[in-house]
Amino acid sequence: MAERLDADEIRDRLPDGWQYVDDEITRQYEFDDYLAGVAFASEVGEIAEEEFHHPTITIRYKEVEVAFTTHDAGGVTEQDLDLAAEVDAIR
Ligand SMILES: C[C@H](O)[C@H](O)[C@H]1CNC2=NC(N)=NC(=O)C2=N1
């Protein structure tokens, strides 16, 4: 099972645009319209299923927030950092 990383390591390795808050890493993405955000969220879901590692996805008007943590490890692991980079590559 993946080991949770300590705060310094997470901060050192966090991809640009992501924040580390309360044992998860999060990023907000802006869109020109609501349905573009919905389509993006669906693509994030595809990746999550492929990797069997699932973020919390919050769809707002013209904005989608993605939050990763590893529930099995009780914090942020390599998997979360890797998935964050994969999600960034969607756009
Ligand atoms: C049994 C456990 O829920 C599964 O192994 C997977 C499913 N997706 C998951 N997603 C996330 N974010 N963390 C997990 O620990 C996790 N575990």
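Numbering of ligands and ligand atoms starts at 1, following listing order. Atom set for the values below is all heavy atoms of this structure, side chains included, hydrogens, waters and symmetry mates excluded.
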Nearest-0.5 Å distance, [atom1] of residue [X] to [atom2] of residue [Y]:
X: His71; Y: Thr56; atom1: NE2; atom2: OG1; result: 5.5 Å
X: Arg27; Y: Gln19; atom1: CZ; atom2: CD; result: 10.0 Å
X: Arg11; Y: Leu5; atom1: CZ; atom2: CG; result: 12.0 Å

Worked check of side chain to side chain contact (heavy atoms under 4.5 Å, CB included) between Asp82 and Glu51: CA-CA 10 Å; Asp82 292 345; Glu51 304 293 337; over 6 Å; no
Subset of ligand 1 atoms that lie under 4.0 Å from at least one heavy atom of Thr70: 13 (N), 15 (O)
Numbered atoms of ligand 1 (with element) below 4.0 Å of Thr69, judged on heavy atoms: 11 (C), 12 (N), 13 (N)
Part of Asp80 with heavy atoms under 4.0 Å of ligand 1, whether side chain, backbone, both or neither: neither
Structural part of Phe68 in contact with ligand 1, heavy atom criterion under 4.0 angstrom: neither
Option from Asp23, Asp72, Thr77 for which side-chain hydrogen bond (donor to acceptor under 3.5 Å, both in side chains) with Arg4 holds: Asp23
Test item: protein heavy atom less than 4.0 Å from atom 1 (C) of ligand 1: no
For atom 13 (N) of ligand 1, the option (of Glu24, Gln79, His71) bearing the nearest heavy atom: His71
Who's the nearest protein heavy-atom neighbour of [atom], and how far?
atom: atom 17 (N) of ligand 1; result: Asp72 OD2, 3.3 Å
atom: atom 8 (N) of ligand 1; result: His54 ND1, 2.8 Å
atom: atom 4 (C) of ligand 1; result: Phe52 CE2, 3.5 Å

Common cluster, Val64/Tyr61, ILVMFWY with side-chain heavy-atom separation under 4.5 Å: yes
Asp80 side chain to Thr70 backbone, donor-acceptor under 3.5 Å: yes
